[in-house]
Novice: 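Mind having a look at this structure? Questions to follow.
Note that these values count all heavy atoms, side chains included, but never hydrogens, waters or copies made by symmetry.
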Amino acid sequence: MIFNKTTGAYFTDTLPGDNFRVSAVPYALGAPGHSFNQGRYGPDSPSYTPITQGCVGFSYNNALSTDWACVTDTAEGGTARGHIADYALDYNCKPMPPYNPNRAWAWADNDSCSLVGEDYSWGIAVR
């Protein structure tokens, strides 16, 4: 579950497969399209911001990826639902909203985004 404490919105997904063990971030659980991801955009590099993302329903090129968190750049209209950041806005928000690179985050629901660059509290719950 990804939840927005500020608005009361939340997204859940049922993950196929066995029990999952997580010991570090980033991680991707489940299967493409039915997943839970937490991480940031890109592998360690000064080119990427450290903004953490959390989403369900993610698929990157019809696969799971821990390096690209909630960026669904090959999915038509995007599939990530939850707190997204950086390039995830480019591909999950249709149309792409104007945003400040220093506040590059939004609350996403498939291809619509809200709260772009606004302050809100979000969190995760996995059971």
Side-chain angles (χ1 to χ4, degrees):
M1 169 190 285
I2 306 295
F3 62 88
N4 186 317
K5 188 174 180 182
T6 304
T7 66
Y10 64 92
F11 300 107
T12 63
D13 204 345
T14 301
L15 306 182
D18 298 324
N19 293 331
F20 302 99
R21 171 177 254 161
V22 174
S23 60
V25 174
Y27 58 90
L29 308 175
H34 292 282
S35 64
F36 177 84
N37 290 66
Q38 184 179 11
R40 64 186 179 95
Y41 179 80
D44 287 337
S45 166
S47 302
Y48 307 125
T49 69
I51 299 172
T52 298
Q53 304 177 68
C55 62
V56 297
F58 166 83
S59 177
Y60 180 84
N61 198 20
N62 208 23
L64 294 183
S65 171
T66 58
D67 284 341
W68 308 111
C70 300
V71 178
T72 55
D73 64 1
T74 58
E76 184 64 32
T79 58
R81 296 179 311 279
H83 174 71
I84 63 170
D86 294 320
Y87 287 108
L89 274 73
D90 296 1
Y91 299 103
N92 286 303
C93 303
K94 306 293 184 209
M96 188 181 88
Y99 62 89
N100 177 342
N102 296 318
R103 296 179 65 79
W105 62 78
W107 186 253
D109 180 4
N110 285 325
D111 61 354
S112 66
C113 293
S114 61
L115 305 172
V116 178
E118 295 180 28
D119 292 333
Y120 58 87
S121 297
W122 69 280
I124 61 170
V126 180
R127 65 175 189 130

Novice: Are W122 and T52 side-chain neighbours, meaning at least one heavy-atom pair lies under 4.5 Å?
Specialist: yes
Novice: Would you say S121's side chain and K5's backbone share a donor-acceptor pair under 3.5 angstrom?
Specialist: no
Novice: Are H34 and T14 close enough, and set up right, to give a side-chain contact (heavy atoms from CB on, under 4.5 Å), and what steps lead you there?
Specialist: CA-CA 7 Å; H34 292 282; T14 301; over 6 Å; no
Novice: Quick check against the 3.5 Å criterion: does N61 have a side-chain atom that pairs as donor or acceptor with the backbone of A63?
Specialist: no
Novice: Report yes if the side chains of T6 and L115 come closer than 4.5 Å at any heavy-atom pair, otherwise no.
Specialist: no
Novice: Search all heavy atoms of C70 against all heavy atoms of I84 and return the closest pair with its distance.
Specialist: CB-CG2, 3.8 Å
Novice: Applying a strict under-4.5 Å side-chain criterion to I, L, V, M, F, W and Y, I'd like to know whether F58 and M1 cluster together.
Specialist: no
Novice: What residues, two or more places apart in sequence or in another chain, satisfy ring-ring contact (aromatic ring centres under 6.0 Å, His included) together with F3?
Specialist: none
Novice: According to a 4.5 Å side-chain heavy-atom criterion applied to Ile, Leu, Val, Met, Phe, Trp and Tyr, with indirect links allowed, do V25 and L29 form part of one hydrophobic cluster?
Specialist: yes
Novice: Report the residue from Y10, W107, Y120, F11 that forms a ring pair (Phe, Tyr, Trp, His ring centres under 6.0 Å) with H83.
Specialist: Y120
Novice: How would you list all residue pairs meeting salt bridge (charged side-chain N to carboxylate O under 4.0 Å, His left out) that involve residues 97-106, not counting sequence neighbours?
Specialist: R103-D119
Novice: When rounded to the nearest 0.5 angstrom, what distance separates CG in N100 from CH2 in W105?
Specialist: 8.5 Å
Novice: If you compare all heavy atoms of G39 against all heavy atoms of P26, which two are closest, and at what distance to 0.1 Å?
Specialist: CA-CB, 3.8 Å
Novice: Of all the heavy-atom pairs spanning C93 and P97, show the shortest one and how long it is.
Specialist: CB-CD, 3.3 Å
Novice: Do you know the tightest heavy-atom contact between P32 and S59?
Specialist: CB-OG, 3.7 Å
Novice: Less than 4.5 Å apart, side chain to side chain, heavy atoms only: is that true for T12 and V56?
Specialist: no
Novice: So which heavy atom on I2 is nearest to which on C55, and how close?
Specialist: CD1-N, 3.6 Å
Novice: Which atom names give the shortest non-hydrogen contact between A104 and I51, and what distance separates them?
Specialist: O-CD1, 4.0 Å
Novice: Main chain of A88, side chain of D86: is a donor-acceptor contact present, judged purely on distance under 3.5 Å?
Specialist: no
Novice: State the CZ-CG distance between R81 and D13, to the nearest 0.5 angstrom.
Specialist: 5.5 Å
